[in-house]
Every structure is written in C-alpha cells, then in structure tokens.
Number of protein chains: 2
Amino acid sequence: MTNDTATLNRASDAGFRSISADTGEPFGEPFAVHGPADVDAACAAAEAAFDTYRSTDRETRAAFLEKIGEEIIAIGDELIETAMRESGLPRARLEGERGRTVGQLKMFAGVVRKGGWLGLRIDPALPDRQPLPRPDLRLRMIPLGPVAVFGASNFPLAFSTAGGDTASALAAGCPVVVKGHPAHPATGALVAEAIRRAVAASGLPEGVFSHLVGPGNELGSQLVQDPRITAVGFTGSRGGGFALMKLAQAREVPIPVYAEMSSINPVLLMPEALKARGAALGTAFVGSLTMGAGQFCTNPGLVLAIEGEGLDAFVEAAKTALVEAGASTMLTPGIHKAYSESVENLASHARVETIARGKVGEGVTQGQAAFFSTTAEAFLADKALGHEVFGASSILVRCRNEEELRQVLVAAEGQLTATLHMDVGDAELAARMVPVLERKAGRILANGWPTGVEVTHAMVHGGPFPSTSDGRTTSVGSLAIDRFLRPVSYQNLLPELLPQDLRDGAQTGLPRLIDGQLHND
Amino acid sequence: MTNDTATLNRASDAGFRSISADTGEPFGEPFAVHGPADVDAACAAAEAAFDTYRSTDRETRAAFLEKIGEEIIAIGDELIETAMRESGLPRARLEGERGRTVGQLKMFAGVVRKGGWLGLRIDPALPDRQPLPRPDLRLRMIPLGPVAVFGASNFPLAFSTAGGDTASALAAGCPVVVKGHPAHPATGALVAEAIRRAVAASGLPEGVFSHLVGPGNELGSQLVQDPRITAVGFTGSRGGGFALMKLAQAREVPIPVYAEMSSINPVLLMPEALKARGAALGTAFVGSLTMGAGQFCTNPGLVLAIEGEGLDAFVEAAKTALVEAGASTMLTPGIHKAYSESVENLASHARVETIARGKVGEGVTQGQAAFFSTTAEAFLADKALGHEVFGASSILVRCRNEEELRQVLVAAEGQLTATLHMDVGDAELAARMVPVLERKAGRILANGWPTGVEVTHAMVHGGPFPSTSDGRTTSVGSLAIDRFLRPVSYQNLLPELLPQDLRDGAQTGLPRLIDGQLHND
C-alpha cells in the first residue's frame, strides 16, 4: 500500500462504494478495499516514521496540526456535500462539525506549544547527601508509538479521519493509522488526502498518517493486533469496543484501548425545578433528545424524577413536542434497523408505557423518536432497560422517593454525563446526589442538556465503564493528549544525551517540577 | 471480619505461621487465615469509608500519612527483628527500608498538600460567545475508589503493607485493602496495626484500611473480583501479575491492574568505558548483581557488550569477584527453589557458557550467584534466555557489532531500566541507542547500577509490558499517585455544589489551568 488516493481509487474490489444515508443506495466510484498487506504496510510506515516524528520540535508539530486544519478548509464545499450525502446529517451540523474539527486541531497546536504535556520533572543531584549521594533525575513524557484510530459513524468529521483521537495522538507525537468508518468512505478519503498534503508540506515522513478503508471487521482486527500498534482510539458501539478490548488484551504485548462506547446520560429532574418549569423542561428535553436524530453519545436516554408536582406537566409538554417532532435520516441503514428494533422492544415491554412517538419518517432510514415511561422498581428489575438505544429514544423512570432515585443511580452503569435540572431549593438534594454522580459519570452538568460537548481544557468526555473502556481518560478536550504518553526517567545522563527539553536552562517557559516544586516562568 | 489484630490472632486455622527464611521452618503463633467473608467485609468497609475519606481536606490526609510513618517508627526494633527473621534480609537493609517506607509516606504527604495531583482546570463561562454561549467548566481529579494492594515478598516494608502502592493510593483518597504477602505475615501484622492506630488517631473510618492474610491465591483472586474494588497494585512474579490482569479484565466492570512484574534490566557496556575501566566495571557489576541476594526488580540480569578491548578484563574481574561472593539467604524457600532451577537451566543450555558461580551456601535457602555468557545470535534464537531469573543471576550477551547490539535491544521485552556504562568517547554510539532504550524502558541511567531506586519526583519505576502491566505509570515516586485518579468535569454547577477546591477564589496556591494557561500563585 502507498498512502496516496491514486491507489485508493484503483479499485481492487468494485463492490465497496458510498451509501446514501437517505436512500440506502450506493453512489459514486467504488473504493479499493484495503487488505492485510495494506495494514502491514501502514504499520511499517508508521513505525518507521515514529522516531522522526516524535523528535519534531514543538513548533513544527503545532504548525503541522494547524496545517491539517487549513487543508481541510481548503477542500471547500465538496467536503460538506459529500458528508451530507453519506451521513444524512444536515449542512449546518456538518459545517459546525468542520469548525469543531479545525478548532480542536488548533487547540492541540496550542497545547503542544505550551508544553505542559511533557510533564517535565527535575530532581537535581545531591552529591553530598548521606549516606548516599542522590543522582540527577529528569523525567519527561514520551509518545507511546503508532496509534490506531477508528472513525466514528456519528461524527464523520470531528471524530473520524482527522477527529479528536487523531488530533490528540498526533499532538502527543504518535503516528496514526486510521481505519475509516465504512459509512463515509468518500468523506474520509477527502480528509485523508488533506492530512497527507499537510504531512508533505511539513516535510514529515509519509508514515505519520495512513488511512485504511473497507467493509467488515477484519481490517480493524488485524490493525489492533499488529505488534507495531501501541494504542487504540475508538468511538462506537459497545460490541465493537468490547471486541477491540479483547483483541488488545490477547496480544503478546497488550495495549491500551480508549473506546468510547455507550451511555444513556441520566437527567435528574429535581422537585423544585419541576414545580417551577416542568412544561418548559419537557419541551427543551425533546429538543435535546431529537437533535441529530439522537445520534450522540451524550443523548439524554434516561430521565429520572421523583413523583410530584410538575412531573405531569413535564410529561405532557414532552409528549406535545415529541408528536410534532419530524423523523430524521439516520446515519446508516444498519443504525436505523438497530434503533427501530430496540424501540419496538421497549414499546412492547410489559412494564414500560409509551409516552409518545415522533412522526413517522418518509425515507426508508428515518428514525421515529420515542419517549417511554417506567417505574424505578421495573427499571431496577431489568438491566436491559438501562442499555443504550442509539437514536432519539429515552425512558422516564418515575421514583417514589429520594431513596429510589439513589438506588436507580447506584444501579446504573457508568456514564459519560449526568445532568441536574434544579432550582436553588433543590440544592440540598442535589448535594446528596453529586457524590453518587461523580462515581458514575465523567461530567456533571446543571440546568443544561448533555448533548453540547465543549472542546476545551476542562472538558471530560469519558466516564466509568462501560461508557468508556478507561474512565481515567477523556477523548474530548486537551486532556485527551495524556492517553498517548508515558513517562521516562533519565538518570545521570550526559547533557548531550538528554532530550533537548530536559537540558540545563532549556525549561524557560515550560511548566516543570523542580524537586517537587512547580515552576512556570 | 473486623480490622483489629485481636481477631487476627484468634486462630481459625492453626496451620498458617511465619516461616524462617534461614531454615524454612515455621515459628511463632499461628495466624488466622482470612476467608471469603473477610474479603467481603473488608471491601464493604472500604466502600463505606470511601466518600468520607475522599472528602478529607488535604491537610487531614497529609497528616494521616505522616501519622502512619510515626506509628511504624513507634513499633521499634520488634519490626526489624521480625522482618529479618521472616525475610532473611539483613538488619541494615531493613532499617534502610523502614526509612524508605516512612520517607515515601512523608513525600506523599507533601504531594497531597501541594495539590498538583488535583489537576484543576477552569474554563470560565463565555456568555456572549457566538453562535452559542460557553458554559462554565471546571475539572478536578477524583480518586477511583477502594484499591487492592498485594504486598511484595522482596520489600517486606517498602512495598508491602504500608509500602509504595498503599501510600500512593491513600494519598489519592482511596481506601486500601492489603493482601499481605504470606512470606512475612508477622511483619505485615505489625505494620497493619500501626496503620490502624493512625486511622483511629486521625478520626477516619476503620474501612480506610484493611489487611487480609492467608496462604494460596484464593484470597487475592476473590479480592480482585470484588465489585467494590476499583484498582489493583501488585509487585511480584510475571505469572502472578498475568493472573491478576486476567481476573480484572474478566470482571463485569474491568479495572486497572498496576502490576510490576519482571525485568532483566539491560546494562550496556560501551567500548570506551570498557577500554578505560573494564576490570573496575566487572567488580562493581558483581556488587550490584549480588546485592540483597539479587532479589530486586532492577537487578542487572542482562549485560550487553560489543566484542573488543576491555571486555575480557570485565569478564575476568567479574569472575574473580563472583567466586568470592558469599551465598545469601533468599526470601522464601519457594523463591530459592525457582532460582536454583532457572540457574541450572541456564548452566545446562547448549549455547550458554558459565562464567562463574558464587560460593555455595550453607543454609538450605541460600542462593548461589551466577554469571553466564552467550552470543547475540544465541540470545536472539531463544526467547527463554531473556526471561527474568529472580535472584543473583545474569547473562552477558557478546555482540559482534553495533547492529547486533541493536537487534538484541529491539528484540528484548519491556524493561524497568536500561543502563549505559560509557565514556565521553561513547557519546555518539549512546546517542544512537537512547531512542531504542526509551521505547524499552521506564528509566535510562548512565554510569551507575539500576539497583538503586530513588523515591522522588522524577523517578519512573515502570516500563513497557511485561516489566509492568501498564507502562504509562510508575509505582515508585510521586507520579505514582496518578494511577488512582480519574477526571470529572463540572458544568454550570451552583458554587455550593462544586467541590471546595473548584469554587471561585479557592485555588490560591494550587496549580491550575485557567483557559489552558497554567497558574501557580
């Protein structure tokens, strides 16, 4: 395999084409399907590029990240139109996503320049210490090595080829091999070409970035098992994430898998907030639920409330809004099918009531929104009610009292987010819930909806298993760079053998611990 | 189970007693063997204590860690004498280890007070941002939850009951359940009692610390599988570490295992250094090899050199020193047996020459030191030659040239350390080797021996698999606290719902990122 699109378009298998999300029909030219030799070549190129790429100075690496963003913008409207056709997502959403993609590349460029991720630590020698002298010890973080990134179906730009995992791995100094999501091969090819232009323009070795495409799971399985791959970034289904974790752990040298998998994002409607604005909350909830056909990891799939004033108003308003909610094209026929089946399972569950369904779609892949209701008792009795339904479906769990609310939260699986809708009068109850929520979720928010995920420094988009495979990390925000780093300590090395950033006098402006004391001047 | 030694001494199984390392004979009173109900009770107590313990202010937690150190010192000489008898280690070594144990508790107290581990990040709200306002986002690290710690046989104080894993987990805010190493139950009981006195004196809930003892693997297996345990710290054999990893991954909610397992710590003898001081290096090498009967994770079990001037002098001097090296009592009869068998396997290997053996021991558990030699070709052809022999055994791999040296290093497994013995004239060769070593080891040192591990801020005692299960971390030094933390983000929370450290104006003196900019005033 070489990395240029010329090869990509030289079809070796005429069967793999883009699929229109609207119609489920193929369109465009067929893509070459990559096979074992291509995986091998991509990993070999990544390994060969690693030492050169990780040695780039911070400015070069930062400018490279920015250059990727420029090249993505330079593709122009073709990128948006291609992504619209492949994903069914509307123009405004995809333009926003392109902005986010470029924005996170810029953010990581800034992070790379600031150098906090290097985690510099210096413990100077103490030659006169008794009974033994202390050696000179210096520590920095180094990149793990080549990283495999799996594109996500629901963010064809911001969490795919040049998405968050790619940006953070490249920022850390890791070459990246992307396994593009088969739901948007043409979008992926355009972005991959933009990255390769940036690689070339930055004078970096080709192997810094490779892009593999193909249907099925074999390509990805082989990639994760390749001994040169040192970590995996993935956003997708629970089944997919579990499979990758298993493969990664079964390797001769196991590697970390950062899989962002499934979350139903509990929303707690607190009594005073319900009293004050139950109806308004109901309407706003449906807005969050149906956004992007509900295809967000942070979609509010679980609503919790204690029986009381305002809850009926919430339900009524949600019902009113939902029956008017238009069906939306889902990302792929497969996602639409899985969604429809899960919704029918809920609708026919003996202990679940249907509050409302959205409008029936006209297209063959349009998802009809759904809102259900059950009791805490029923929810606690059937774990399946707590599983993610990927799409615009949610379930209200009516709790008789605070204790039941707590039980539901404790029994819930790990989550990306937990939301409190509350008034000042709810503060005491909320204070009792926050410690429970901290153990269940990576982000706790108040009086908003979880579907907006800021790409910034204090964001955590990660949470206890199974919302992610590794709740010690985030996949969105600048902290995501830490996933691809490990510490190395240098003891009594000659100055010329030390990495540049650890040499005497080279830390000006870089955060570093000297004898445990933080300096930043 | 309760946590006091009264229960511990109320024997339910008269068979479990201390074993004298010297004689292999049991001594002292029998210990109660803990069973499933005790594991359950310890985990329940740890879970119940978690919210209280993690809410302690930094000063309370720091003072508690210091108090543990004081209580350990207060045990007096009984601790040293007990540990001597159980481990066979000499007084000076154990007194040093006690100092290290208390020292690392103090170090973590200092780390807790400074607050860098909180990883505070604040992105203030931008209410006027277009097209959408930015919410207020604040991030801190929180402890994972109850941690299981497995005591190590080779550090009955510094890496056992109150050792590095316990200290770093407690510093992070995690209750700890120790599975004491069966090789030193009496030492462990004394230290556990000291910790419990510190828990009581600090007004903390009992469940902050529990201590379980018993022979066999069942106790530990059950502990790792308990759903309330959220992470595992382990120092021991590769087989033990692999077994714990497997158990942890098979759980309904997998948890991180920080296992420090096996390393042969390559020592590179560079040409100019060999020319200048081959003989002196040989003598010094044997000192490092035989220290503590070779029972260190960082023992120099692999010596690499390119054929040339000075190598024969190194070998001769090592031989001279080794034949004079007295046998030392090993930690347990089991370790002695495994060591003797591994050494005999090497001695009878067709492609391995015996350079020298140390003196034959007089006791039944004394290990006889050994130094072997082979070629790069033979080493590359048989992976078993690269496996750890726990004890004072090492193998010299003679390389014909730099390329062979590189091949051996690339083929080697992940290591805790890599050592360069070099002169200025070796700098260019060393510079070519450092990038290879960085990918193989957690610590690279020059002109010293790997067996000294400083407990400080820039130390990394961790390395690529299988030297540890997770090369992204260290088990020695202040960075070890990060293993037991995960990030949580708070969005638009009312001030009174925010953790104290994240409230407006509360960050004075604490390192924090504000809008990505580090502040430390």
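Convention: sequence-line order gives letters A, B, ...; per-chain numbering from 1. Values in this document were obtained by computation on a predicted structure and should not be read as measured data.
Rounding to the nearest 0.5 Å places CG of B:D515 at 6.5 Å from OG1 of A:T456. Atoms CG and CG, from A:N520 and B:D521 in turn, are 10.0 Å apart once rounded to the nearest 0.5 Å.
Proximity to chain B (any heavy atom under 4.5 Å) is restricted, for A:R140, to the side chain, taken from C-beta onward. Using a 4.5 Å cut-off between heavy atoms, B:R54 touches chain A through its side chain atoms alone. Contact annotation for B:I142: only side-chain heavy atoms (C-beta onward) come within less than 4.5 Å of a heavy atom of chain A. B:D470 touches chain A through its side chain: at least one heavy atom from C-beta onward sits under 4.5 Å away, while N, CA, C and O do not. For chain A, the nearby part of B:L494 is the side chain; its heavy atoms alone come within less than 4.5 Å. Looking at B:P435, both its backbone and its side chain come within 4.5 Å of chain A, counting heavy atoms on both sides. Only the backbone of B:R138 comes within less than 4.5 Å of a heavy atom in chain A; its side chain stays farther off. There is no contact between B:M107 and chain A, counting heavy-atom distances below 4.5 Å. Using a 4.5 Å cut-off between heavy atoms, B:T473 touches chain A through its backbone atoms (N, CA, C, O) alone. Heavy atoms of B:R129 lying under 4.5 Å from chain A belong exclusively to its side chain. Looking at A:I514, neither its backbone nor its side chain comes within 4.5 Å of chain B, counting heavy atoms on both sides. When heavy atoms are compared at a cutoff of 4.5 Å, B:E252 approaches chain A by way of both its backbone and its side chain. Only the backbone of B:A441 comes within contact range of chain A, with at least one heavy atom under 4.5 Å from a heavy atom of that chain. With a 4.5 Å cut-off on non-hydrogen atoms, A:E438 touches chain B through its backbone and its side chain both.
The shortest side-chain heavy-atom distance between A:Y490 and B:R443 does not fall under the 4.5 Å cut-off. A:R472 is not listed as a side-chain neighbour of B:D482, based on a closest heavy-atom distance of 4.5 Å or more. The side-chain heavy atoms of B:L518 and A:L518, taken from C-beta on, include a pair separated by under 4.5 Å. Taking the side chain as every heavy atom from C-beta outward, A:R486 and B:P464 approach each other to under 4.5 Å.
Among A:P254, A:P499, A:G116, the residue with the largest count of heavy-atom pairs under 4.5 Å with chain B is A:P254. For chain B, the option among A:L132, A:L137, A:T419 with the highest count of heavy-atom pairs below 4.5 Å is A:L137. Listed options B:A431, B:G516, B:G452 were ranked by heavy-atom pairs under 4.5 angstrom with chain A; first place goes to B:G516. Interface remark: of the candidates A:M459, A:R439, A:H519, A:R439 forms the most heavy-atom pairs closer than 4.5 Å to chain B. Ranked by heavy-atom pairs under 4.5 Å with chain B, the first of A:T417, A:L479, A:V434 is A:L479. When B:P256, B:G462, B:G442 are compared by the number of non-hydrogen pairs under 4.5 Å with chain A, B:G442 comes out ahead.
Put simply, the residue from A:V460, A:I444, A:L437 that forms a side-chain contact (heavy atoms from CB on, under 4.5 Å) with B:V488 is A:I444.
Nearest heavy atom pair, residue B:L497 against residue A:A430, reads CD1-CB, 3.7 Å. Residues B:K114 and A:Q517 come closest through the heavy atom pair CE-OE1, 3.1 Å. A:P133 and B:E454 get closest at one heavy-atom pair: O-OE2, 4.2 Å. Residue B:R121 comes nearest to A:S478 through the heavy atom pair NH1-OG, 3.0 Å, listed as atom of the first residue, atom of the second, then distance. Between B:G471 and A:P487, the shortest heavy-atom contact is O-CD, 3.8 Å. Of all heavy-atom pairs spanning B:D123 and A:A458, the tightest one is OD2-N, 2.6 Å.
Remark: A:H457 engages no residue in a ring-ring contact (aromatic ring centres under 6.0 Å, His included) (not counting sequence neighbours). By the side chain to side chain donor-acceptor pair (under 3.5 Å) test, A:Q104 is found to be paired with no residue, residues two or more places apart in sequence or in another chain being considered.
Side-chain atoms of A:N447 never come within 3.5 Å of backbone atoms of B:N492 as a donor-acceptor pair (strictly under, hydrogens ignored).
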